[in-house]
Amino acid sequence: MTTAQPLDVQPTPLALLLLGREADPRSERGVECPGDLPSPSDPDLVARARAAKEKLGDRVFVLGHHYQRDEVIQFADVTGDSFKLARDAAARPEAEYIVFCGVHFMAESADILTTDAQAVVLPDLAAGCSMADMATAEQVAECWDVLTEAGVADQVVPVSYMNSSADIKAFTGKHGGTICTSSNAKRALEWAFEQGEKILFLPDQHLGRNTAVRDMGMTLEDCVLYNPHKPNGGLTAEQLRNAKMILWRGHCSVHGRFSVESVEDVRARIPGVNVLVHPECKHEVVAAADYVGSTEYIIKALEAAPRGSKWAIGTELNLVRRLANRFASEDKEIVFLDKTVCFCSTMNRIDLPHLVWTLESLADGKLVNRIEVDPETEKYAKLALERMLALP
């Protein structure tokens with residue numbers, strides 16, 4: 001009887017990546033900090049963050065996006081959505097360090113709008129945005145070639161959502177387009193239609209479709225969906241010529257999970273509930289809701305809501321939970337629209353250990369995780385942003 005020899009099995013690079021023991025060299029951003037993070041169980045984390053922030057004083061300005069964890073938000077000097085925070089950073093030129101507790105494209109926007117003397121820092125470089133990553137510069141350049149071959153490129157004005165990379169913002173600026181937020185998307189589309197006959201809307205198909213159909217009276221037939229993973233975007237030249245809105249096949253992984261069934265279920269469970277959703281939700285969900293608006297709109301709507309009212313909110317869970325706690329004393333019942341809990345996984349990469357590591361590094365004179373947009377990209381991205389700022 002022979003003894004079985006142990007197999008010399010070496011884990012593949014993919015297996016190591018899944019185990020969290022390696023980084024993918026092909027990814028846009030790294031996933032490792034160039035230093036050791038404090039333990040998440042360290043009971044002194046809050047005190048350490050406070051001490052480092054006090055040591056830095058006015059040299060640091062901490063921005064906290066609405067979707068961040070409470071443990072991070074408590075150290076934010078201002079909170080808001082991505083564009084509000086970028087503008088807040090630009091309004092603080094005396095701050096040497098801008099620590100952006102959000103995701104990568106937000107830090108890029110802050111770097112574009114702040115001075116060269118300021119350093120924008122992202123506590124975890126792996127805090128990306130799946131929606132923004134759904135449109136790369138190469139894919140969008142290829143799309144423009146398709147539009148050119150179809151004979152419509154000279155009629156198309158690009159409008160890019162704030163939730164896009166600096167490269168996409170630069171493409172938009174270079175091709176005569178503008179940026180929009182979820183609050184001013186209608187104004188941006190109206191402006192774009194004054195410049196051309198068609199719009200290429202990047203990268204969130206749902207915001208583009210909802211704005212065009214719900215807010216501007218277009219039909220679903222006026223919209224076509226460009227899929228960058230299919231030849232010619234999966235569209236014929238005739239479809240491109242007939243379309244008013246060319247929507248990029250991108251979406252938010254959080255808002256895309258809400259369904260009409262979620263709306264029907266919460267209405268059955270909570271009689272008299274008001275359903276309030278973000279415009280990044282699917283068109284059929286927006287149509288089934290009572291109210292639709294940006295994160296700032298959601299907050300203001302709940303602030304103005306009468307005591308004892310009931311609300312089901314279709315947006316990221318950290319914000320919904322924070323609002324539920326904030327308005328509990330006013331007997332406002334606020335629940336998450338879906339029964340299944342869903343955090344934004346990339347937003348949640350910014351946690352207290354990463355923030356402590358960042359602040360302590362800066363306090364010790366070590367600049368870490370700086371986000372810098374190259375001058376050429378910044379030039380055209382800023383042009384697109386300035387067009388948005390000039391909207392009436």
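Bear in mind that the values here come from a model prediction, so they are computed numbers and not experimental data. Along the sequence shown, residues are numbered consecutively beginning with 1.
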Exercise. Any side-chain heavy atom of D81 within less than 4.5 Å of one from T181?
Worked result: no

Problem set entry | Side-chain (D331) to main-chain (R307) donor-acceptor, under 3.5 angstrom | no

For this session: Inspect the surroundings of CG in D116 and state if more than 12 heavy atoms from other residues, nucleotides or ligands are less than 6.0 Å away.
Result: no

Seminar exercise, completed: Rounded to the nearest 0.5 Å, the CG atom of L317 sits from the CZ atom of R69 at a distance of 12.0 Å

For this session: Identify the heavy atoms of I199 and A192 that sit nearest to each other, and give their distance.
Result: CD1-CB, 3.6 Å

For this session: Please assess S160 against W248 for the test side-chain contact (heavy atoms from CB on, under 4.5 Å), listing each intermediate value before the final yes or no.
Result: CA-CA 10 Å; S160 291; W248 192 265; over 6 Å; no

For this session: Answer yes or no: is there a side-chain heavy-atom contact under 4.5 Å between S82 and N163?
Result: yes

Problem set entry | Pair L147-K198, side-chain contact (heavy atoms from CB on, under 4.5 Å): steps then yes or no | CA-CA 11 Å; L147 298 178; K198 305 175 187 293; over 6 Å; no

Problem set entry | Side-chain heavy-atom pair L125, I371 within 4.5 angstrom cut-off | yes

Exercise. How long is the gap from OG1 on T219 to CE on M245, to the nearest 0.5 Å?
Worked result: 11.5 Å

Problem set entry | Minimum heavy-atom distance between L359 and K53, given as atom pair plus value | CD1-CB, 4.4 Å

Problem set entry | Any donor-acceptor N/O pair, H354 side chain to I350 backbone, under 3.5 Å | no

Exercise. What do you reckon, is CD of E238 surrounded by more than 12 foreign heavy atoms closer than 6.0 Å?
Worked result: no

Exercise. Would F75 and Q68 satisfy side-chain contact (heavy atoms from CB on, under 4.5 Å), going step by step from the backbone distance to the final call?
Worked result: CA-CA 11 Å; F75 292 102; Q68 287 290 299; over 6 Å; no

For this session: Keeping the roles fixed (side chain from K332, backbone from L302), state whether a donor-acceptor pair exists under 3.5 Å.
Result: yes

For this session: With rounding to the nearest 0.5 Å, note down the distance linking NZ in K310 to CD1 in I270.
Result: 7.5 Å

Exercise. Among the clusters formed by ILVMFWY side chains lying less than 4.5 Å apart, do I298 and W311 turn up in the same one?
Worked result: yes

Exercise. Do H66 and T79 have side-chain N/O donor and acceptor atoms under 3.5 Å apart?
Worked result: no

Seminar exercise, completed: Heavy atoms of I246 and L240 approach each other most closely as CD1-CD2, 4.0 Å

Problem set entry | Rounded distance [0.5 Å steps], NE2 in H65 versus SG in C101 | 11.5 Å

Exercise. Taking atom CZ of R48 as the centre, does the number of heavy atoms from other residues, nucleotides or ligands within less than 6.0 Å exceed 12?
Worked result: yes

Exercise. OH of Y297 to OH of Y291: how many Å apart, nearest 0.5 Å?
Worked result: 7.0 Å

Exercise. Of all residues at least two apart in sequence or in a different chain, which pass the salt bridge (Lys or Arg N to Asp or Glu O under 4.0 Å) check with R241?
Worked result: none

Contacts table for residues 137-145: side-chain donor-acceptor under 3.5 angstrom, sequence neighbours left out:
from	atom 1	to	atom 2	distance (Å)
Q139	OE1	T136	N	3.1
Q139	OE1	T136	OG1	3.3

For this session: Mind listing the closest non-hydrogen atom pair of P38 and V356 along with its distance?
Result: CG-CG1, 3.9 Å

Problem set entry | Donor-acceptor contact present, side-chain N348 to main-chain C344, <3.5 Å | yes

For this session: Using a strict 4.0 Å threshold on nitrogen-to-oxygen distance, state whether E284 and K282 make a salt bridge.
Result: no

Problem set entry | By ring pair (Phe, Tyr, Trp, His ring centres under 6.0 Å) - contacts of F61 (at least two apart) | none

For this session: Answer yes or no: is there a side-chain heavy-atom contact under 4.5 Å between H255 and H206?
Result: no

For this session: With side-chain contact (heavy atoms from CB on, under 4.5 Å) as the test, would you mind laying out the steps for D265 and K339 before giving the verdict?
Result: CA-CA 9 Å; D265 176 76; K339 288 192 293 186; 3.5 Å; yes

Problem set entry | Sidechain-backbone polar pair: E280 side chain, C252 backbone, donor-acceptor under 3.5 Å | no

Exercise. Is V156 linked to F201 within one hydrophobic cluster, defined over Ile, Leu, Val, Met, Phe, Trp and Tyr using a side-chain heavy-atom separation of less than 4.5 Å?
Worked result: no

Exercise. In the hydrophobic clustering (ILVMFWY, side-chain contacts below 4.5 Å, transitive), which residues join V213, or is it alone?
Worked result: L220

Exercise. Same cluster or not: are M106 and M134 linked, directly or through other Ile, Leu, Val, Met, Phe, Trp or Tyr residues, by side-chain heavy atoms under 4.5 angstrom apart?
Worked result: no

Exercise. Closest approach of A110 and V120, non-hydrogen atoms and distance?
Worked result: C-CG2, 4.0 Å

For this session: Find out whether W191 and V157 are in side-chain contact, i.e. whether some heavy atom of one side chain is under 4.5 Å from a heavy atom of the other.
Result: yes

Exercise. Are F105 and I98 in one and the same hydrophobic cluster, where Ile, Leu, Val, Met, Phe, Trp and Tyr link if side-chain heavy atoms are under 4.5 Å apart?
Worked result: yes

For this session: Starting from L383, walk the hydrophobic network (Ile, Leu, Val, Met, Phe, Trp, Tyr; side-chain heavy atoms closer than 4.5 Å) and list everyone else you reach, by chain and number.
Result: Y380

Exercise. So which pairs with a foot in residues 372-392 pass salt bridge (charged side-chain N to carboxylate O under 4.0 Å, His left out), sequence neighbours left out?
Worked result: R370-E372

Exercise. Can I73 be reached from Y67 by stepping across I, L, V, M, F, W or Y side chains whose heavy atoms are under 4.5 Å apart?
Worked result: no

For this session: Please confirm whether the backbone N or O of K186 pairs with a side-chain atom of D215, one donor and one acceptor, at under 3.5 Å?
Result: no

Problem set entry | Chi angles and distances behind the ring pair (Phe, Tyr, Trp, His ring centres under 6.0 Å) call for F336, F258 | CA-CA 10 Å; F336 191 56; F258 299 114; 5.4 Å; yes

For this session: Run the numbers on R322 and E316 for salt bridge (charged side-chain N to carboxylate O under 4.0 Å, His left out), then give the verdict.
Result: CA-CA 10 Å; R322 190 173 301 124; E316 207 274 344; over 6 Å; no

Problem set entry | Smallest separation among heavy atoms of V103 and C129, with atom names | CG2-CB, 4.1 Å

Exercise. Got L367 and Y97 here, is their nearest side-chain heavy-atom distance under 4.5 Å?
Worked result: yes

Problem set entry | Main-chain N/O of G177 paired with Q195 side-chain donor or acceptor, under 3.5 Å | no

Exercise. When rounded to the nearest 0.5 angstrom, what distance separates CG in L323 from CD in E303?
Worked result: 8.5 Å

Problem set entry | Side chains of S361 and T358, donor plus acceptor under 3.5 Å | no

Exercise. Would a distance-only check, ignoring hydrogens and angles, find a side-chain to backbone donor-acceptor pair under 3.5 Å from Q239 to T236?
Worked result: yes

Problem set entry | Presence of salt bridge, R92 and D77, under 4.0 angstrom | no

Exercise. Short question: side chain of D290, backbone of V275 - any donor-acceptor pair under 3.5 Å?
Worked result: yes

Exercise. Side chains of Q205 and R249: does their closest heavy-atom pair fall under 4.5 Å?
Worked result: yes

For this session: Using a 4.5 Å cut-off on heavy atoms from C-beta on, say whether the side chain of K169 contacts that of M162.
Result: yes

